[in-house]
Peer 1: 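Dropping a structure here in structure tokens format, bear with me for questions.
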Amino acid sequence: MEHSSPFLFLLFLFLFLFISSSESVTFNCSGTTTCQSLAGYVAPNSTTYGAILSLFQVPTLSQLLGANNLPLSTPASFPIPASSVVRVPLPCSCADGKGRSNHTPVYTVKPTDAGLDDIARLTYDLLITYEEIAEVNGIAAPYKIHAGEKLWIPLPCSCDAVDGEEVVHLAHLVEPGSTIDLIAEQFAASPETLLRINGIVDPRKLEAGQAIDVPLKACSSAISSTSLDSNLRLSNDSYALTANDCIQCSCSSASGYQLACHSTRGLNKFCSSVKCNNQLSLGGTSNSGCEQTTCAYAGYTNATASHSTNILTKTVSRSLCSSAPAPAPSPSGGAGSTPSGGSTPGGGSPPASNHSSFRTISHGNWMWLLMTFIVAFIGSSHSA
């Protein structure tokens with residue numbers, strides 16, 4: 001019995017260190033701005049776009065499909081294999097120097113959820129920690145939750161410009177064996193920028209499963225600051241429906257990171273054809289010598305006396321004769337690619353990687369280490 005007290009003390013100490021090892025997942029975000037951000041969700045099990053739509057409470061299927069550059073005809077039931085990376089659009093809100101998803105998603109606790117860590121680790125793939133869920137929901141005991149309870153999941157995000165340029169921030173989960181240099185190459189970013197905005201002093205301490213802030217270059221646009229969609233930001237190989245689904249805008253490095261928009265006509269019966277004053281159709285171009293003129297989308301307002309949408313346009317000219325730097329390399333396939341199992345739009349993780357299995361193995365190794373420690377301690381106690 002004289003050995004039981006130190007044994008239990010060491011056991012509880014070891015368990016405390018193991019359980020409390022999670023790190024905060026927060027991104028810097030100055031001011032009180034709002035924007036659209038992205039989260040790179042790694043599906044722990046096979047699922048569907050409809051299930052992810054529900055889990056993250058994305059308002060429309062088209063938003064989820066656009067973020068992943070999939071055709072609008074893709075059904076919600078389309079299968080997603082386990083370990084696939086899916087980009088999830090999030091409304092981001094900045095306060096107190098931090099960016100968090102704007103009171104969404106709201107998760108309903110299931111009878112099978114063992115605690116907040118279970119939800120953070122198994123449901124949201126450690127895009128968030130249980131401490132952060134507990135903090136925003138005022139929960140003192142993370143293991144005391146009840147089936148049916150509603151929890152805000154404050155996912156990390158940011159709206160900050162980076163090096164003076166507008167970007168779309170992506171919460172990216174580090175893959176096993178990855179490095180800052182590999183991530184920078186994957187997403188056409190600089191290693192120095194990734195280290196700076198994530199506050200990483202020693203890149204060798206980057207851990208698999210760690211969520212880091214990756215700024216994706218956004219397309220420039222002619223959208224007015226007074227437009228109802230003035231905060232529309234799109235990264236490479238993505239699109240979005242806007243102006244009450246009357247307009248579809250897309251971003252591609254192939255277009256020199258200029259937002260390209262056209263009328264959808266057919267998605268909404270109240271939509272009409274859109275032209276500029278020079279009679280060019282929206283998205284259309286004309287050339288005259290070295291000058292190219294484009295009818296660009298400039299935003300929209302809602303008509304007060306009818307269901308119609310007032311589409312704003314702007315004529316934009318650029319020279320084709322001046323030398324311009326080559327566009328940044330595209331980290332993924334072309335726009336509107338057909339969905340396939342394990343697809344990784346916009347330079348997502350390679351299909352062969354498996355975050356979920358890595359965490360399971362890693363967790364198992366810790367447990368085996370704990371068991372080995374206990375057995376060794378008991379053996380030494382008896383031999384003494």
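These numbers were taken from a predicted model, which means no experiment stands behind them.
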Peer 1: Hey, is Glu165 close enough to Lys217 for a salt bridge, meaning N to O under 4.0 Å?
Peer 2: yes
Peer 1: If you define the side chain from C-beta out and look only at heavy atoms, does anything of His169 sit under 4.5 Å from Gln36?
Peer 2: no
Peer 1: Same hydrophobic cluster for Leu55 and Ile145, using side-chain heavy-atom links shorter than 4.5 Å among ILVMFWY?
Peer 2: yes
Peer 1: Would a distance-only check, ignoring hydrogens and angles, find a side-chain to backbone donor-acceptor pair under 3.5 Å from Ser37 to Cys157?
Peer 2: no
Peer 1: Is there a donor-acceptor pair closer than 3.5 Å between any side-chain N or O of Ser54 and the backbone N or O of Ala51?
Peer 2: no
Peer 1: I'd like to know if the side chain of Gln210 reaches the main chain of Leu173, judged simply by a donor and an acceptor atom lying under 3.5 Å from each other, with no hydrogens or angles considered.
Peer 2: no
Peer 1: Quick one: do Ile200 and Val167 end up in the same hydrophobic cluster if we chain Ile, Leu, Val, Met, Phe, Trp and Tyr together by side-chain heavy atoms under 4.5 Å apart?
Peer 2: no
Peer 1: Could you give me the CA-CA distance, side-chain angles and deciding distance for Cys92 and Cys159, then say whether side chain to side chain contact (heavy atoms under 4.5 Å, CB included) is met?
Peer 2: CA-CA 7 Å; Cys92 183; Cys159 298; 3.9 Å; yes
Peer 1: Side-chain heavy atoms under 4.5 Å apart, restricted to Ile/Leu/Val/Met/Phe/Trp/Tyr: what other residues fall into the cluster of Leu280, or is it alone?
Peer 2: none
Peer 1: Hey, is CG on Asp202 packed in by over 12 heavy atoms from elsewhere, all under 6.0 Å?
Peer 2: yes
Peer 1: Just by distance, no angles: are the side chains of Tyr130 and Asp118 close enough, under 3.5 Å, to form a donor-acceptor pair?
Peer 2: no
Peer 1: Is a side-chain donor or acceptor of Thr74 paired with a backbone partner of Pro71 at a separation under 3.5 angstrom?
Peer 2: yes
Peer 1: Just by modelled atom types, is the Val86 backbone N or O under 3.5 Å from a matching donor or acceptor in the Asn68 side chain?
Peer 2: no
Peer 1: Nearest 0.5 Å, what's the CG-OG distance between Leu65 and Ser73?
Peer 2: 8.5 Å
Peer 1: In Å and rounded to the nearest 0.5 Å, what is the CG to CD distance from Asp163 to Glu192?
Peer 2: 10.0 Å
Peer 1: Under a 3.5 Å distance rule, please check whether Asn236 uses its side chain to pair with a backbone N or O of Ser253 as donor and acceptor.
Peer 2: yes
Peer 1: Show the numbers, then the answer: is there a side chain to side chain contact (heavy atoms under 4.5 Å, CB included) between Val58 and Leu90?
Peer 2: CA-CA 7 Å; Val58 181; Leu90 301 170; over 6 Å; no
Peer 1: Check whether any side-chain heavy atom of Thr26 lies under 4.5 Å from a side-chain heavy atom of Glu132, and answer yes or no.
Peer 2: yes
Peer 1: When hydrophobic residues are tied together by side-chain contacts of less than 4.5 Å, even through go-betweens, does Leu61 share a cluster with Phe78?
Peer 2: yes
Peer 1: Between Thr264 (side chain) and Asp245 (backbone), is there a donor-acceptor pair under 3.5 Å?
Peer 2: yes
Peer 1: Any salt bridge (Lys or Arg N to Asp or Glu O under 4.0 Å) involving residues 36-53? Give me the pairs, sequence neighbours left out, ordered by first then second residue.
Peer 2: none
Peer 1: At their closest point, which heavy atom of Leu127 faces which heavy atom of Gly40, and how far apart are they?
Peer 2: CD2-O, 4.2 Å
Peer 1: Given the rule that I, L, V, M, F, W and Y join up when any side-chain heavy atoms are under 4.5 Å apart, are Tyr124 and Leu122 in one cluster?
Peer 2: no
Peer 1: If I compare all heavy atoms of Val316 with all of Ala296, which pair ends up nearest, and what's the gap?
Peer 2: CG2-CB, 3.8 Å
Peer 1: Check whether any side-chain heavy atom of Leu234 sits under 4.5 Å from a side-chain heavy atom of Val168, and report yes or no.
Peer 2: no
Peer 1: How many angstroms lie between atom CG of Leu170 and atom CG of Leu216, to the nearest 0.5 angstrom?
Peer 2: 5.0 Å
Peer 1: Let me confirm one number: the CG-CD1 distance from Leu206 to Ile212, rounded to the nearest 0.5 Å.
Peer 2: 6.0 Å
Peer 1: State which residues pass side chain to side chain donor-acceptor pair (under 3.5 Å) with Thr242; sequence neighbours excluded, sorted by chain then number.
Peer 2: Asp229
Peer 1: Check the pair Ile247, Cys249 against side chain to side chain contact (heavy atoms under 4.5 Å, CB included), reporting the backbone distance first and the verdict last.
Peer 2: CA-CA 6 Å; Ile247 303 295; Cys249 295; 3.8 Å; yes
Peer 1: Roughly how far apart are Arg233 CZ and Ser235 OG, rounded to 0.5 Å?
Peer 2: 12.5 Å
Peer 1: For Asp160, check side chain to side chain donor-acceptor pair (under 3.5 Å) against everything at least two apart and list the hits.
Peer 2: Ser30
Peer 1: How about Tyr297 and His262: are their ring centroids closer than 6.0 Å?
Peer 2: no
Peer 1: Enumerate the residue pairs fulfilling salt bridge (Lys or Arg N to Asp or Glu O under 4.0 Å) with a member in residues 143-155, sequence neighbours excluded, ordered by first and then second residue.
Peer 2: none
Peer 1: Between Ser255 and Gln258, do the side chains contain an N or O donor and an N or O acceptor separated by less than 3.5 Å?
Peer 2: no
Peer 1: Between atom OG1 of Thr108 and atom CG of Asp113, what is the distance when rounded to the nearest 0.5 Å?
Peer 2: 10.0 Å
Peer 1: If we only count heavy atoms from C-beta on, is the Leu72 to Leu241 side-chain gap below 4.5 Å?
Peer 2: yes
Peer 1: Are the side chain of Tyr300 and the backbone of Asn244 linked by a donor-acceptor contact shorter than 3.5 Å?
Peer 2: no
Peer 1: Describe, in one word, how the ring planes of Tyr41 and Phe56 are oriented to each other, choosing from parallel (under 30°), tilted (30 to 60°) and perpendicular (over 60°).
Peer 2: perpendicular
Peer 1: Count the heavy atoms of every other residue, nucleotide or ligand shown that sit under 6.0 Å from CG of Asn287, and state whether that count exceeds 12.
Peer 2: yes
Peer 1: When clusters are formed by joining ILVMFWY residues with side-chain heavy atoms under 4.5 Å apart, either directly or through shared neighbours, do Val162 and Leu232 land in the same one?
Peer 2: no
Peer 1: Using a 3.5 Å distance criterion without hydrogens, assess whether the side chain of Glu291 forms a donor-acceptor pair with backbone atoms of Ser288.
Peer 2: no
Peer 1: When you measure from the side chain of Ser101 to the backbone N and O of Ile153, does any donor-acceptor pair fall under 3.5 Å?
Peer 2: yes
Peer 1: Under the ring-ring contact (aromatic ring centres under 6.0 Å, His included) rule, what pairs show up with a residue in residues 189-229, not counting sequence neighbours?
Peer 2: none
